[in-house]
Amino acid sequence: MLAPIFRHITANENVFVERLIEYLRQPSISAQDIGIREVAALLETMLGDMGMDVQVIETDGHPMVVGSLPFKPGLPTMLFYGHYDVQPPEPLEAWTSPPFEPTIRDGRVYARGAGDNKGQHFAQILAIESWLKVHGDLPCNVKILLEGEEEVGSPHIEAFVEANRELLKADLVVTADGPLDASGKPVIMFGTRGAVRFDLVAREASRDLHSGNFGGIAPNAAWTLVQLLATMKSPDGTITIDGIYDDIIPPGERERAAADALPVDLDALKREIGIRELDAPRDRPLFDRIMFQPTLTINGIVGGYTGKGIKTVIPCEAQAKCDMRLVDGMAPEKVLSLVEDHVRRHAPGVAVVRQGGGKHPSKTDMDHPFAEALIRAVTLGHEQPPLLYPMIGASGPDSAFTRILGIPAFFVPYANADERNHAPDENIGLEFFHKGIRTGAAIIAQIAASAR
């Protein structure tokens with residue numbers, strides 16, 4: 001049944017690219033509330049034209065778009081997840097071509113959302129459409145959930161999934177997002193790290209003060225802040241917040257072996273991102289850093305005068321924005337409480353401002369029965385077997401599905417490794433876009449076959 005679908009996809013490659021370009025023209029910037037409802041309405045029409053029952057469901061933020069085909073008892077149900085919101089395009093001057101005027105150069109479509117995530121979930125939609133065009137039906141049940149807030153941290157996804165358990169009921173969820181391996185090989189990812197975000201705000205005097213008249217008298221908010229931060233992570237890379245490592249579940253033998261088998265070119269990585277050395281500890285394996293270790297990151301620090309020239313002041317306020325990536329066993333609420341306890345002990349005058357409740361890490365067993373079906377599907381779509389990632393360093397909404405719905409969750413990316421997601425000149429290679437459509441079609445076939 002798959003061969004004629006692959007022929008249909010090949011015959012319609014140019015048409016599919018034209019439709020992708022039209023989709024990418026529509027801004028949908030969640031952080032700036034630009035174009036969100038227009039694109040939700042566009043998706044409602046797009047999915048409806050395929051014969052799906054479509055609902056645009058309001059949340060306390062941006063709406064969710066849910067589509068489903070008529071349910072067939074006795075067949076497995078797959079939920080495809082994606083997000084229709086995109087990152088802000090700034091700085092606009094850094095783009096070679098305007099971010100919402102999709103342009104093809106050297107076999108790639110350049111536009112905001114090309115890789116993250118419009119191009120990838122549109123490939124999923126075209127895979128479903130291709131099945132319906134060729135065979136008139138699907139061999140399994142398929143649902144689609146497209147979120148409008150992923151790029152602002154998915155603040156309402158867990159509440160939405162909790163409130164719509166029956167609507168989203170499925171046997172597994174597959175997300176097409178993120179990049180392929182740097183080698184160009186396809187990948188299947190079995191988990192995501194969790195995340196928490198918080199601000200640290202130090203306030204001292206009622207106003208900025210003259211550094212000569214009040215130096216040595218008034219506490220300096222910037223020093224208060226940096227000295228606090230220095231108590232939270234040691235030079236050897238250890239997070240020194242009491243209890244932070246207590247609940248971590250170490251990787252199993254299968255996960256460790258899979259991580260150790262992944263190709264690594266450290267010199268190429270250093271050149272690509274412009275670093276001389278890896279962060280401490282220097283001898284930690286690359287994929288241990290990404291998959292099995294938590295992080296504490298200072299995203300930015302502000303305080304006092306940072307303009308041109310000199311202004312000799314003692315700042316009365318300083319602020320740091322931070323995030324932490326969480327690994328298996330860690331819970332956002334407990335981690336945030338540990339951070340607050342640490343700050344109270346070391347700098348009681350500093351305020352911890354939580355930025356949302358955070359995301360749990362998510363993990364699916366690498367030996368899950370659906371894993372073999374996905375490996376076969378990706379091999380068919382890309383004509384080579386995938387690399388298997390036990391975990392990825394980024395955070396996603398997967399925990400809403402694994403924790404609340406109790407179903408396995410898999411990432412199957414379609415975009416090239418250098419998609420430049422979140423950056424100027426974001427792109428997706430046309431070769432990878434077409435392979436993504438093929439892979440999506442093969443996933444449907446193989447999940448259906450796995451139930452027979």
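Residue numbers run from 1 in the order of the sequence given.
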Geometric cation-pi criterion, Arg354 with Phe198: 6.0 Å, 45°: no

Steps toward side chain to side chain contact (heavy atoms under 4.5 Å, CB included) verdict (Tyr245, Val327): CA-CA 10 Å; Tyr245 294 99; Val327 295; over 6 Å; no

Asp425 and Thr96: CA distance, side-chain angles, deciding distance, side-chain hydrogen bond (donor to acceptor under 3.5 Å, both in side chains) verdict: CA-CA 7 Å; Asp425 284 350; Thr96 304; 2.8 Å; yes

Stacked cation flag Arg105 on Tyr110, 6.0 angstrom / 45 deg: yes

salt_bridge(Glu58, Arg37) N-O dist < 4.0 Å: yes

Full working for side-chain hydrogen bond (donor to acceptor under 3.5 Å, both in side chains) between Gln124 and Tyr414: CA-CA 10 Å; Gln124 296 283 39; Tyr414 298 160; 3.0 Å; yes

Check ion pair Glu255-Lys363 (N to O, under 4.0 angstrom): yes

Within the 6.0 Å centroid threshold, strictly below: His121 and Tyr23: yes

Donor on one side chain, acceptor on other, Thr224 and Glu204, under 3.5 Å: yes

Electrostatic pair Arg108:Glu426 at N-O distance under 4.0 angstrom: no

Geometric class of the Phe122/Phe433 ring pair [parallel <30°, tilted 30-60°, perpendicular >60°]: parallel

Within-4.5 Å side-chain heavy-atom neighbours: Pro251 and Met291: no

Ile244 side chain near Met330 side chain, heavy-atom distance below 4.5 Å: yes

Salt bridge present between Asp323 and Arg197 (N-O < 4.0 angstrom): no

side-chain hydrogen bond (donor to acceptor under 3.5 Å, both in side chains) between Asp398 and Ser362, worked out: CA-CA 6 Å; Asp398 282 36; Ser362 173; 4.6 Å; no

Arg256 bridged to Asp288 by N-O distance under 4.0 Å: yes

Flag side-chain contact, heavy atom, 4.5 Å: Lys118 against Val86: yes

Of all pairs that satisfy side chain to side chain donor-acceptor pair (under 3.5 Å), the ones with a partner from residues 175-192, not counting sequence neighbours: His83-Asp177, Asn117-Asp177, Asp181-Ser183, Asp181-Tyr389

Arg376 and Glu372 ion-paired at < 4.0 Å: no

List the atom pairs, donor and acceptor, that lie under 3.5 Å between side-chain atoms in residues 225-234 and the rest of the protein, sequence neighbours left out.
{"residue": "Thr231", "atom": "OG1", "partner": "Leu228", "partner atom": "O", "Å": "2.6"}
{"residue": "Thr231", "atom": "OG1", "partner": "His342", "partner atom": "NE2", "Å": "2.8"}
{"residue": "Lys233", "atom": "NZ", "partner": "Asp279", "partner atom": "OD2", "Å": "3.4"}
{"residue": "Ser234", "atom": "OG", "partner": "Asp236", "partner atom": "OD1", "Å": "2.3"}
{"residue": "Ser234", "atom": "OG", "partner": "Thr238", "partner atom": "N", "Å": "3.3"}
{"residue": "Ser234", "atom": "OG", "partner": "Thr238", "partner atom": "O", "Å": "3.4"}

Side chains of Leu405 and Val161 in contact at under 4.5 Å (non-hydrogen atoms): yes

salt_bridge(Arg345, Asp242) N-O dist < 4.0 Å: yes

Test: Arg203 and Glu317 ion pair at under 4.0 Å: yes

Pro294 side chain reached by Arg325 side chain, heavy atoms, under 4.5 Å: no

